[in-house]
Structures are given as C-alpha cells and as structure tokens.
Protein chains: 2
Amino acid sequence: MPDVAADRRVRRTRAAIQRALLALMAEKGYEAVTATDIIERADIGRSTFYTHFTDKQHVLYDSLDDLGDFLRDQRRPGHDGVLGFGLALFEHVDEQRDLVRVLLGRRGGRVVQDRVAHLLAELVREDLAALDGPAPDVPLDLVVTGVVGTYLALLRTWADSGTTWTPAEMDDVARRLLGPGLAALFGPVTA
Amino acid sequence: MPDVAADRRVRRTRAAIQRALLALMAEKGYEAVTATDIIERADIGRSTFYTHFTDKQHVLYDSLDDLGDFLRDQRRPGHDGVLGFGLALFEHVDEQRDLVRVLLGRRGGRVVQDRVAHLLAELVREDLAALDGPAPDVPLDLVVTGVVGTYLALLRTWADSGTTWTPAEMDDVARRLLGPGLAALFGPVTA
DNA sequence: CCGTTCCTGAACAGATTGTTCAGGAAAGGT
DNA sequence: ACCTTTCCTGAACAATCTGTTCAGGAACGG
C-alpha cells in the first residue's frame with residue numbers, strides 16, 4: 001500500500017475514490033454501490049483501487065474519520081438546561097444536510113449510524129451528568145441509550161423526508177417527548 | 001409462485017428456507033449469508049428457492065412479519081394504556097436473545113433494523129391512536145419515530161450487553177423515559 | 001386413481017470480487 | 001535537467017454469486 005501522505009498521486013487517487021463513493025451513495029445508496037462503480041466513477045485502474053482500500057467499506061471508514069474530525073471541531077456546548085445540545089445539533093445537521101442525508105439516511109450504511117450514536121452518547125451523558133438532581137434509580141447508560149436513540153431516529157427521518165420542519169421544531173419534538181421523563185427521573189429541572 | 005397455505009409441500013419448503021436463514025444468520029450474520037447458502041442449508045433445489053422468494057431479503061421480511069403478529073397478539077396494556085407492547089417485546093427478546101442479537105446487533109445489517117423499526121412503528125402508532133386525549137400539536141409521525149428510536153436503541157444495547165436487566169426493568173426504563181412526555185403531549189392520561 | 005401442482009437440478013448468462021504483472025508515467029530530491 | 005523511486009495502468013484471470021429456464025419426476029388433494 002502506497003504511503004498515505006507523501007506522494008501527490010496518492011492524495012489525488014484517494015480523494016477521487018472517496019469523492020466517487022459519496023457521490024454514488026447519494027445516487028444509489030451505500031448498499032447498491034459496488035467496487036466497480038467506484039473504480040469507474042473515480043476513473044482509476046482496478047488494481048489502483050485495491051492497492052489503497054481493501055473494501056468499499058474501508059473507503060467509507062476513512063470518509064467517516066474525516067467527518068468525525070470536522071464535527072469535533074464544530075461542537076458547541078449546550079446552553080439551556082437539559083438536552084441543550086439538541087438545537088445546536090439539528091442546526092448543524094441542517095447546514096450539512098446533503099452530506100448527512102447521504103450518511104445517515106435510509107440509504108446510508110450501518111457503520112455510520114453506530115459511530116454517530118457513539119458520538120451523541122457522549123454529548124447526552126455530559127448533559128445529564130451536569131444535572132444536580134438526585135441520581136436516578138435506573139441505570140444511567142440505559143437512559144443515555146434511549147435518549148440517543150430518539151435523537152438519531154429523528155435525525156434520520158428528518159434527513160430522509162422532504163423536511164418542512166425547522167431545526168427548532170425538531171428540537172421541540174425531542175424536548176417535549178423526552179423532557180418530562182428526564183425531569184421525573186433526575187428530579188425537578190427548571191429550564 | 002405456489003399457493004401459500006394450501007399444499008403441504010409449500011409449507012415445508014418455506015419453513016425450511018426460513019429456518020435456514022435464521023440459522024445461518026446466527027452463524028455468520030445477515031450480510032454474509034448468500035442465497036446459495038440458504039439453498040444448501042435448506043437442502044432444496046435452486047429454482048425452488050426463487051419460486052418462493054425473490055430475495056434473501058424477502059425471506060427475512062416474512063420472518064419478521066411473523067414476529068410482528070406475535071407481538072400484536074401478546075400486547076398488554078401498560079399503566080397508562082400506552083406502550084402496551086413493550087413488556088411483551090422485551091420478554092420475547094429475552095427468550096430469543098441469540099437470534100435478536102444477530103438481528104439487531106452489529107452483524108445484523110441495516111435492512112433488518114429498518115424493517116423492525118417499521119414493525120414497531122405500526123404498533124406504536126396503533127397505541128397512540130387509541131388514546132382519547134386531544135390531538136398533539138406536533139406531527140404524530142415524528143413522535144412515533146422518536147418512541148420507536150428509543151425502544152430500538154434499548155433493544156440493541158440490551159441484546160448486545162451481558163444483560164443483568166430483566167425485561168420488566170427494561171420496559172420500566174422506556175416507560176419512565178417516554179411516558180411523561182407522551183402524557184403531556186396527548187393530554188392527561190389517568191392511571 | 002388421476003389430474004394438478006410442486007420440486008428438482010443442471011445448465012446458463014451476467015455481475016462482481018480480488019489478484020497478478022509488466023510497462024509506462026509521474027513524483028521528489030539532487 | 002537528471003535519475004531513482006514510487007505509483008498508476010489495464011487487461012487477464014479464477015472464483016463466487018445471482019436469477020432464470022426447462023423438462024422430467026414426485027407428491028399432493030380430492
């Protein structure tokens with residue numbers, strides 16, 4: 001496998017492959033894309049593809065790592081109590097809608113979802129840990145899992161649908177669905 | 001395509017195919033199973049398989065439909081009258097843990113998850129529609145999506161983890177997390 | 001017992017995957 | 001400008017999987 005950062009040809013080839021995959025995912029969905037598709041779209045030799053990536057999956061992995069770095073930089077702290085991260089989350093996704101739709105939507109892959117879930121779980125856990133109410137008598141991890149599940153499901157639906165909803169409306173749904181339950185679990189929380 | 005219910009040969013063939021897929025999924029995961037695998041495991045002719053199912057996917061769909069029917073029958077009303085399917089769901093998963101882990105776990109594949117989500121969405125929608133409170137001022141579909149997301153996330157975590165929790169405890173988490181919010185959305189629900 | 005329906009299994013075209021290899025092309029350093 | 005290293009090419013290849021076809025045999029239900 002060629003050195004990753006050194007040669008300009010390597011950078012061009014890898015970039016072309018990743019660009020090809022994302023474009024094809026937007027057209028056919030992740031599952032339907034074949035390695036041959038990527039090779040043709042990227043306009044490279046067949047052997048070239050396999051010298052850089054073992055799989056269609058590993059192309060996606062690399063792209064996700066890039067996206068992860070980007071998201072980590074853009075992360076903003078919540079500002080109004082429980083689930084304060086939510087609005088910022090939906091707003092951010094709103095800006096990156098095209099890419100997010102491809103990655104998280106119905107035609108996206110499973111890998112993406114798991115990684116995003118992990119990322120969200122960190123945000124939620126920080127949020128809940130900041131509450132000064134009494135510790136709940138249910139496992140915190142389960143609560144985090146449930147909350148993340150809700151947000152992820154809403155994100156997916158939002159990214160897929162024609163979406164007339166604004167980030168604020170999406171956040172409102174999540175907040176009103178989960179807020180009362182969380183308040184009951186963690187003690188009275190004033191927004 | 002042969003008549004589904006009439007002939008004994010048809011029932012045997014279809015049952016063998018479904019059994020084969022589930023067994024293979026438990027061994028290799030959904031994605032790794034090929035139609036040829038199923039054919040060999042089920043010990044049937046190649047053409048026979050394609051007479052009954054167009055896809056590996058459709059074999060799975062049929063099996064999941066069976067699960068849906070089961071959950072519908074087992075449904076029990078919760079304290080609020082809402083989320084009555086939950087306990088039966090967790091109990092069933094508890095019994096079929098190996099299978100469910102394969103279905104929803106990391107090796108499960110995206111198709112399974114979407115199908116199960118669709119299945120649960122119907123149950124939740126029926127549940128919420130049965131409430132006599134005023135219509136909520138947020139889109140019902142979004143609420144359903146959020147609720148299903150929570151249950152699915154809890155299911156996945158539960159199936160994957162070492163499981164010290166009982167079905168009742170899992171159901172309790174979901175109920176306490178979502179119940180208050182749903183009550184607030186759909187009007188006061190008397191216990 | 002008999003007409004209907006189903007199963008068989010081989011054979012087939014087409015796609016896809018992942019590897020190999022020799023020769024040409026581009027890169028980076030001096 | 002030169003030269004050595006590294007990369008890209010693209011065709012050829014075996015292997016696997018898919019979905020269809022068809023004629024003959026087997027099981028079914030009545």
Side-chain angles (χ1 to χ4, degrees), chain A residues 1-63 107-111, chain B residues 1-63 102 107-112 114-115:
Chain A
M1 186 162 313
D3 193 351
V4 176
D7 204 306
R8 180 189 306 158
R9 292 168 293 183
V10 173
R11 292 194 301 268
R12 291 214 319 179
T13 299
R14 297 180 77 94
I17 290 176
Q18 299 198 356
R19 223 180 306 125
L21 174 58
L22 289 182
L24 287 166
M25 281 180 65
E27 298 171 11
K28 316 201 301 183
Y30 175 76
E31 311 281 0
V33 177
T34 69
T36 303
D37 287 336
I38 301 176
I39 289 166
E40 289 175 352
R41 177 64 62 97
D43 194 27
I44 58 172
R46 181 165 198 78
S47 56
T48 305
F49 175 85
Y50 283 104
T51 42
H52 287 284
F53 299 95
T54 65
D55 244 13
K56 161 181 100 176
Q57 226 178 68
H58 283 77
V59 181
L60 182 64
Y61 284 167
D62 270 28
S63 297
R107 333 187 66 176
R110 175 69 188 269
V111 193
Chain B
M1 188 164 310
D3 193 352
V4 175
D7 204 307
R8 178 190 308 155
R9 292 168 293 182
V10 173
R11 292 193 301 269
R12 291 215 319 179
T13 299
R14 296 179 77 95
I17 290 176
Q18 297 199 356
R19 221 180 308 123
L21 173 57
L22 292 182
L24 286 166
M25 282 180 64
E27 298 172 9
K28 315 202 298 183
Y30 174 76
E31 309 281 3
V33 177
T34 70
T36 302
D37 286 336
I38 302 176
I39 288 167
E40 289 176 352
R41 178 65 61 96
D43 194 28
I44 58 173
R46 180 166 199 77
S47 56
T48 304
F49 175 85
Y50 284 104
T51 316
H52 288 283
F53 299 95
T54 64
D55 247 10
K56 163 180 98 175
Q57 226 178 70
H58 284 77
V59 180
L60 182 66
Y61 284 172
D62 270 28
S63 297
V102 172
R107 313 168 72 188
R110 183 65 185 270
V111 192
V112 194
D114 286 347
R115 192 66 175 183

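Quick note on labels: first sequence line is chain A, next is B, and so on, each numbered from 1. Hydrogens, waters and symmetry mates play no part in the numbers below; they use all other heavy atoms, side chains included.
One interatomic measurement links the two molecules: CD of A:Glu31 to P of C:dT17, which rounds to 13 Å at whole-angstrom precision. Regarding B:Arg11, its CZ atom lies at a distance of 16 Å from the P atom of C:dT5, rounded to whole Å. Between the CZ atom of A:Arg12 and the C1' atom of C:dG28 there is a distance of 15 Å, given to the nearest Å. Here the C1' atom of nucleotide C:dA15 and the NZ atom of A:Lys56 are 14 Å apart, to the nearest Å. Between the CD atom of A:Glu40 and the C1' atom of C:dA15 there is a distance of 11 Å, rounded to whole Å. The nearest whole Å value for the distance from the CD1 atom in B:Ile39 to the P atom in C:dT8 is 11 Å. The CD1-P distance, from B:Ile17 to D:dG19, rounds to 14 Å in whole Å. Across the protein-nucleic acid pair, A:Ile38 atom CD1 and C:dA15 atom P stand 18 Å apart, rounded to whole Å.
Distance check, rounded to the nearest 0.5 Å: CE of B:Met25 to CD of B:Glu31 gives 9.0 Å.
Side-chain N/O atoms of A:Tyr50 include none lying less than 4.0 angstrom from OP1 or OP2 on C:dT19. Side-chain nitrogen and oxygen atoms of A:His52 include at least one within less than 4.0 Å of the OP1 or OP2 phosphate oxygen of D:dC8. Checking the phosphate oxygens (OP1, OP2) of C:dA27, a side-chain nitrogen or oxygen of A:Arg8 falls inside 4.0 Å. Between A:Thr48 and D:dC7 there is no side-chain polar atom (N or O) within less than 4.0 angstrom of OP1 or OP2. For the OP1/OP2 pair of C:dT17 and a distance below 4.0 Å, the side-chain nitrogens and oxygens of A:Thr36 include at least one atom meeting the criterion. Side-chain nitrogen and oxygen atoms of B:Ser47 include none within less than 4.0 Å of the OP1 or OP2 phosphate oxygen of C:dT8.
Residues B:Leu60 and B:Arg115 have side chains not in contact (no heavy-atom distance under 4.5 Å, counting atoms from C-beta outward). With a 4.5 Å cut-off on side-chain heavy atoms, A:Glu27 and A:Val33 do not count as touching.
Nearest-nucleotide mapping onto DNA chain D: of B:Arg46 and A:Ile44, the residue sitting toward the 5' end is A:Ile44.
Taking the six-membered ring for Trp and thresholds of 30 and 60 degrees, B:Phe49 and B:Phe53 have ring planes inclined between 30 and 60 degrees apart.
For B:Arg9 and C:dT5, a side-chain-to-base donor-acceptor distance below 3.5 Å is present, hydrogens and geometry of angles not being considered.
For the pair B:Lys56 and B:Tyr30, the cation-pi test (distance below 6.0 Å, angle within 45°) is passed.
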